[in-house]
Colleague: 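Mind looking over this structure? Questions follow.
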Amino acid sequence: SVVLLQLETQAYNCLIHFYKRMSDLEHRVLSVQSHVVSGYVGNKSATFPLQLLGFEVDTINSVQFSNHTGYPAGVRGQVLDDTQLQQLVDGLDANHINRYSHVINGYIGSKSFLTKLGEVVKHLKSINPDLIYVCDPVMGDTGPGLYVPKELLPVYQEVILPLADVCLPNQFEAELLTNKKIESEEDAIAVMDILHSKGVSTVILSSTELGSDTHLVCLASHTRSGQKTVVKVLIPKFAAAFVGTGDLFTALSTAWLARTGGELKLALEKTLGTMQAVLARTLQHAHAAAAAGGLDKPTAAMMELKLIQSKQEIENPPTGIQAEIV
């Protein structure tokens with residue numbers, strides 16, 4: 001019995017050591033996003049790239065669906081509520097595995113869940129004051145308009161933005177958050193300044209309508225010690241609609257901002273270098289699959305992001321995308 005007790009003690013000490021090591025990793029992210037069984041959106045789009053780039057990734061799935069909503073027969077699945085979110089965080093707390101370097105949020109569909117997320121981020125920042133909160137305020141887009149309930153907007157404005165260190169809205173979402181239209185680069189910079197005034201140190205406008213038929217324009221701004229840097233990137237357009245790209249963009253931006261020490265220009269070049277490679281491969285595979293199947297155009301399944309096949313380009317982003325300091 002003495003030997004058994006010693007073995008149990010050793011096993012317990014090993015577990016404690018493991019938990020401490022797990023919680024002390026340099027880059028450990030809690031990613032709160034949607035999940036699909038098949039395909040690549042939300043946490044499925046973010047996890048693999050973050051892991052390849054050196055992050056321990058813990059995921060909370062705001063929804064669990066069979067597939068993304070672009071499939072013709074719809075989706076089946078479950079939605080996590082605010083009480084269940086708290087239960088998961090309680091479990092992390094109880095086991096002392098609640099120290100994170102980063103929190104990411106993507107799609108969240110209810111006001112109560114978003115409000116609870118604000119409480120969770122505050123709590124996790126109290127455990128690690130250096131925690132970086134990366135907010136992708138998924139609310140809608142130009143064209144489709146809002147695809148979350150409108151009551152989420154004031155929660156993002158009043159609760160989430162003051163907690164966020166990095167915010168990655170598209171143009172539609174940035175205009176909603178600031179109540180200001182973007183019709184020029186000057187407007188975009190003014191919108192980013194409004195978000196800075198809310199406490200967000202890094203703002204990345206993931207896509208704007210300021211480009212041309214061939215290019216999107218990405219603008220980003222970073223403030224540190226009273227100094228502001230604004231970066232502009234022209235992104236070649238693809239003649240296709242992809243799903244999960246925003247979630248991938250947020251994950252890659254998070255990773256490269258961390259790995260470059262917050263060097264915005266280089267982080268965006270790395271992120272977009274990988275993005276272009278993934279999208280080109282995805283489109284190539286999709287067209288080949290459609291042709292082989294005798295189809296006029298690829299199906300939703302054929303257009304799923306080819307992340308696994310792009311492992312090399314995630315780890316070593318191709319060069320070619322050049323950002324400029326404005």
Side-chain angles (χ1 to χ4, degrees), residues 31 33-53 57 59 61-79 106-107 109 136 138 140-145 147-148 170 172 206-207 209 211-216 218 234-253 270-321:
S31 180
Q33 304 195 55
S34 57
H35 169 81
V36 287
V37 175
S38 180
Y40 293 94
V41 301
N43 275 328
K44 282 284 292 288
S45 189
T47 300
F48 180 64
L50 283 166
Q51 288 172 329
L52 283 180
L53 293 171
V57 184
T59 58
N61 300 324
S62 56
V63 300
Q64 176 175 256
F65 288 160
S66 53
N67 46 269
H68 70 65
T69 56
Y71 281 72
V75 303
R76 313 291 187 277
Q78 302 82 37
V79 178
Y107 173 80
D136 182 0
V138 180
D141 208 343
T142 305
Y147 38 69
V148 298
N170 58 32
F172 178 84
S206 55
S207 64
E209 302 298 311
S212 64
D213 291 340
T214 58
H215 287 80
L216 294 168
C218 171
L234 297 181
I235 311 167
K237 277 185 181 178
F238 286 91
F242 300 93
V243 178
T245 50
D247 310 316
L248 176 61
F249 181 83
T250 296
L252 293 171
S253 297
K270 297 275 193 186
T271 294
L272 291 167
T274 294
M275 290 288 302
Q276 291 291 298
V278 171
L279 298 185
R281 177 173 283 112
T282 299
L283 202 53
Q284 180 184 5
H285 276 243
H287 285 317
L295 301 174
D296 291 335
K297 63 178 183 177
T299 64
M302 292 171 183
M303 286 293 291
E304 294 284 3
L305 295 178
K306 296 297 180 281
L307 286 184
I308 308 305
Q309 298 86 342
S310 303
K311 175 180 180 291
Q312 183 176 341
E313 290 87 354
I314 294 169
E315 292 178 302
N316 300 290
T319 56
I321 296 287

Colleague: Got a sec, which residues hit ring-ring contact (aromatic ring centres under 6.0 Å, His included) with His285, two or more places apart in sequence or on another chain?
Modeller: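 Scan of His285 (ring-ring contact (aromatic ring centres under 6.0 Å, His included), adjacent residues dropped) gives none.
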Colleague: Would you check if the side chain of Thr59 reaches a backbone N or O of Asn61 as a donor-acceptor pair within less than 3.5 Å?
Modeller: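 No: the side chain of Thr59 does not pair with the backbone of Asn61.
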Colleague: With Phe48, which residues qualify under ring-ring contact (aromatic ring centres under 6.0 Å, His included), at least two apart?
Modeller: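 ring-ring contact (aromatic ring centres under 6.0 Å, His included) list for Phe48, sorted by chain: empty.
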Colleague: Could you walk me through whether Ser34 and Val41 pass the side chain to side chain contact (heavy atoms under 4.5 Å, CB included) check?
Modeller: CA-CA 7 Å; Ser34 57; Val41 301; 4.2 Å; yes
Colleague: Please report the shortest heavy-atom distance between Ala300 and Gly70, naming the atom on each side.
Modeller: CB-O, 4.0 Å
Colleague: Please name the pair of heavy atoms, one in Leu53 and one in Glu315, separated by the smallest distance, quoted to 0.1 Å.
Modeller: CD2-CA, 4.2 Å
Colleague: How far apart are the closest heavy atoms of Leu248 and Pro49, and which atoms are they?
Modeller: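 It is CD1-CG, 3.6 Å.
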Colleague: Quick one: closest heavy-atom pair of Gly42 and Gln33, and the distance?
Modeller: CA-OE1, 3.5 Å
Colleague: Report the residue from Lys306, Arg281, Lys270 that forms a salt bridge (Lys or Arg N to Asp or Glu O under 4.0 Å) with Glu313.
Modeller: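 The option that passes is Arg281.
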Colleague: Taking everything shown except Gln312 itself, do over 12 heavy atoms lie less than 6.0 Å from its CD?
Modeller: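 Incorrect, the count does not exceed 12.
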Colleague: Is there a ring pair (Phe, Tyr, Trp, His ring centres under 6.0 Å) between Tyr71 and His68? Walk through the geometry before answering.
Modeller: CA-CA 7 Å; Tyr71 281 72; His68 70 65; 4.8 Å; yes
Colleague: Calculate, to the nearest 0.5 Å, the distance between atoms OG and CG belonging to Ser310 and Leu305 respectively.
Modeller: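 So the OG of Ser310 and the CG of Leu305 are separated by 8.5 Å.
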Colleague: Scan side-chain atoms only and decide if Asp136 and Thr250 contain a donor-acceptor pair under the 3.5 Å cut-off.
Modeller: yes
